Amino acid sequence: MLTENKPNDFIREAVAEDLKNGRFDYVRTRLPPEPNGYLHIGHVKAFMIDYLVAKENNGELILRFDDTNPTKEEVEFVEAIKDDARWLGIVWVKETYASDYFDLLYDWAKRLVLMGKAYVDDQTPEEVSKNRGTLTEPGKNSPFRERSVEENLELLERMKNGEFPDGSRILRAKIDMAHSNINMRDPAMYRILHTPHHRTGDAWKIYPLYDWSHGQNDSMEGITHSLCSLEYEDHRPLYEWFLEQLDVFKPRQIEFARLNMNYTVMSKRKLRRLVEENHVNGWDDPRMPTLRAMRRRGYAAEAILDFIRRVGIAKNYSVTDVALLEACVREDLNKTSSRRMAVIRPLKVVIDNYPDDLVEEMDAINNPEDADAGARKVPFSKVIYIEQDDFRETPPPKYHRLYPGNEVRLRYAYFVKCTHTVKDDAGNIVEVHVEYDPSTRGGDASDGRKVKSTIHWVSAAHAIEAEIRMYDRLFSKENPEEGEEGFLNCLNAGSLEILTGRVEPSLTTPEIGARYQFERLGYFCVDKDTTAEKPVFNLTVNLKDAWTKAEKGRNR
RNA sequence: AGGGGCGUGGUGCAACGGCAGCACACCAGCCUUUGGAGCUGUGGAUCUUGGUUCGAGUCCAGGCGCCCCUGCCA
């Protein structure tokens, strides 16, 4: 399904070209997550490019964790990342780790030293930084740059054996301190870190940096296409330099623009702060852009994948409108979710001319988009709840719902006409009284008269109480990333609203994760906090609401 | 400023020298037992200047704008 009508973008074109002209005769890509955080929607784009490019070319995908920095990485993220990737439907032939190649990589480093292409530098981090030069001025050679091969070899071995403290020395490639590309000014290959690693334990006291590890790992694994985001474009000359010096298999690196989305933040550091400073309730808080949050919120993998497909691939810096994601989620749920009636802000309605003790079972369609979804019975009685929004004492123009003197349809039940209201001492409406027309059972009038509105309801005696968690955008600004602290200053105070609603009795013990459309409101899914006493529903995404929009527009 | 990259409706992506199109958003209408869904329709874009060409979003030259790069992060 995913490969039908496959899009044509510059990456797929490049891969096809490489196959055609013989640069490669197979395709193998790699998924290179760093296990230092949870996956977010931005990762999905990169993952799907890697996965689909391999799949569409009958190639392979290797899941390779980029675990070169033990000070930041943890095992718990490895399992979480795999779980999310599987949920997306991604299939990989092999799971590897950068750390699997530490021995071989070290041998390759020694080869470079032997060739006089790498050296141990004793400068302090400050000196290294100072001597790197600036964007416009060349750097200065390290005083240790011309050490003998023998000395470099010995020093490197001693670094590896843990004889020197953290930060005291690094191994650097010997390229050109005056290079216009700063990445080529003798980049660091190994740093000393006396930190245990989640896989290699305390076997290593030096760890490779990204630039030294990644491309070599790609080569070792026979990766043909190393697809990454735009900020690595500047690193490509270095990527190629190492492979050239080593004279090993040469994968091709191709860069694309990462996914950005408005009304959210995507950087791991900022997401971490939201969690750690309790602006949200954990990594799976449904307001987060993480995959765990979206799963909890009720987004289907198909919807997310559809979104990624529609966003496309290019090299332009871009910010995708979150409305597109929501449209994909709605489109998916419209076709697949069962309809139910739920009232999230209840208003009591008494049908004065309805028999006191009568209970009728009304026939309700489960999904008008899917004939196979069947039907169900919904109990109806004299006292019901409707949505507060569905009643107005003094209706604004074009308001078609319930108001004194107006007749509306109760979905799948009867036409009712409002006669009067009952107010409390403070003047708030606490009850709405209506009269029903017994000849309209099921919702059709035998005399052919029309009503302009159909509203949903639940029977007060039969409905059950439920916690409804209403979510809105986490940030009130389109671009919360503006400014360092800016994102914390534009948190949307109304991003979470917890309501106590009433749902029809078929929802008494719902299955966790089940997705429903609450008619006229939106799509909701059953949260894991659900108990036997009380179901908890998350708003996945609201239904498009032409009335609210029109009314807001008028008031503006 | 040095290097690398990018400029197409509001947003994202196409058009590979030949009528600038698709999706989302927006607006209008039709339909409707969800003011949902569906259907129909409208408006709106090639950063700029010059050149090549029968013909340029596409090729060439200059300008302008935006993004990334001075971690022992990835």
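Chain identifiers are assigned alphabetically (A, B, ...) following the order of the sequence lines, protein sequences preceding nucleic acid strands; residue numbering begins at 1 within each chain. Remember, predicted model here, so these are calculated numbers, not experimental data.
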Under 4.0 angstrom, heavy atoms only, what part of the nucleic acid is [X] near: base, sugar-phosphate, or nothing?
| X | result |
| --- | --- |
| A:Q123 | base |
| A:R330 | nothing |
| A:D444 | base |
| A:S129 | sugar-phosphate |
| A:T68 | sugar-phosphate |
| A:T440 | nothing |
| A:R310 | sugar-phosphate |
| A:Q517 | base |
| A:H179 | nothing |
| A:P138 | nothing |
| A:V319 | sugar-phosphate |
| A:Y412 | base |
| A:Y232 | base |
| A:K398 | base |

In whole angstroms, how far is the [atom2] atom of [N] from the [atom1] atom of [X]?
| X | N | atom1 | atom2 | value |
| --- | --- | --- | --- | --- |
| A:M261 | B:C24 | CE | P | 17 Å |
| A:D389 | B:G35 | CG | P | 12 Å |
| A:E34 | B:C73 | CD | P | 11 Å |
| A:H214 | B:C73 | NE2 | C1' | 14 Å |
| A:R258 | B:C6 | CZ | P | 17 Å |

[atom1]-based separation of [M] from [N] [nearest Å]:
| N | M | atom1 | result |
| --- | --- | --- | --- |
| B:C24 | B:G38 | P | 9 Å |
| B:C6 | B:C47 | P | 14 Å |
| B:C30 | B:G18 | P | 42 Å |
| B:G17 | B:G29 | C1' | 41 Å |
| B:U42 | B:U58 | C1' | 29 Å |
| B:C19 | B:C13 | P | 23 Å |
| B:A14 | B:A23 | C1' | 11 Å |
| B:U8 | B:A20 | C1' | 8 Å |

Base partner of [N], which must satisfy Watson-Crick or wobble distances under 3.5 Å:
| N | answer |
| --- | --- |
| B:C31 | none |
| B:A23 | B:U11 |
| B:G2 | B:C69 |
| B:G44 | none |

[N] phosphate, OP1 or OP2, under 4.0 Å from [X] side-chain N/O:
| X | N | value |
| --- | --- | --- |
| A:R236 | B:G5 | no |
| A:R191 | B:G71 | no |
| A:T454 | B:U32 | no |
| A:N181 | B:G2 | no |
| A:N334 | B:A37 | no |
| A:R132 | B:C72 | yes |

Among [options], find the nucleotide with the atom closest to the side chain of [X].
| X | options | value |
| --- | --- | --- |
| A:R520 | B:G35, B:C73, B:C72 | B:G35 |
| A:A314 | B:U34, B:C13, B:C68 | B:C13 |
| A:Y317 | B:G5, B:C67, B:G12 | B:C67 |
| A:A327 | B:A25, B:C6, B:G36 | B:A25 |
| A:D234 | B:C26, B:A14, B:G3 | B:G3 |
| A:K544 | B:G36, B:C72, B:G12 | B:G36 |
| A:E369 | B:G36, B:A74, B:G2 | B:G36 |
| A:K549 | B:C26, B:A74, B:C72 | B:C26 |
| A:S318 | B:C68, B:G12, B:C72 | B:G12 |
| A:T134 | B:G3, B:U70, B:C72 | B:U70 |

Should [X] and [Y] count as an ion pair when the cut-off is N to O under 4.0 Å?
| X | Y | value |
| --- | --- | --- |
| A:E331 | A:R310 | yes |
| A:K398 | A:E551 | no |
| A:R147 | A:D122 | yes |
| A:E519 | A:R340 | no |
| A:R172 | A:D186 | no |

- Task: Determine if A:H400 stacks with B:G35; use a centre-to-centre distance below 5.5 Å and an interplanar angle below 30° as the criteria.
- Result: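 It does: the ring sits over the base of B:G35.
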- Query: Going by ring centres under 5.5 Å and near-parallel planes (under 30°), is A:Y210 stacked on B:A74?
  - Reply: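 So no, this residue does not stack on that base, at least one cut-off failing.
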- Which label fits B:G71, syn or anti, where anti is any glycosidic angle not within 90° of 0? syn
- Message: Is it the case that the base of B:U70 and the side chain of A:R185 share a donor-acceptor contact (distance under 3.5 Å, atom types as modelled)?
- Response: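 There is none.
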- If you find the nucleotide of RNA chain B closest to A:D321 and the one closest to A:L135, which residue's nucleotide is nearer the 5' end?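 Nearer the 5' end of the strand: A:L135.
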- Task: Please figure out whether A:E233 or A:D121 has its closest RNA chain B nucleotide nearer the 5' end.
- Result: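 That would be A:E233.
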- Message: Would you say A:R252 and A:H225 are linked by a side-chain donor-acceptor pair, where the criterion is simply a distance under 3.5 Å?
- Response: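 Side chains of A:H225 and A:R252: no pair found under 3.5 Å.
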- Take atom NZ in A:K477; do more than 12 heavy atoms of anything else shown fall under 6.0 Å from it? yes
- Please determine if A:R169 forms a cation-pi arrangement with A:F164, meaning its NZ or CZ atom is less than 6.0 Å from the six-membered ring centre and no more than 45° off the ring axis.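 Yes, a cation-pi geometry.
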- Message: By the definition side chain to side chain contact (heavy atoms under 4.5 Å, CB included), identify the one residue from A:I468, A:V458, A:L507, A:I384 that meets it with A:R502.
- Response: A:V458
- Assess whether ring-ring contact (aromatic ring centres under 6.0 Å, His included) is satisfied between A:F415 and A:Y436, documenting all intermediate values. CA-CA 6 Å; A:F415 283 15; A:Y436 86 120; over 10 Å; no
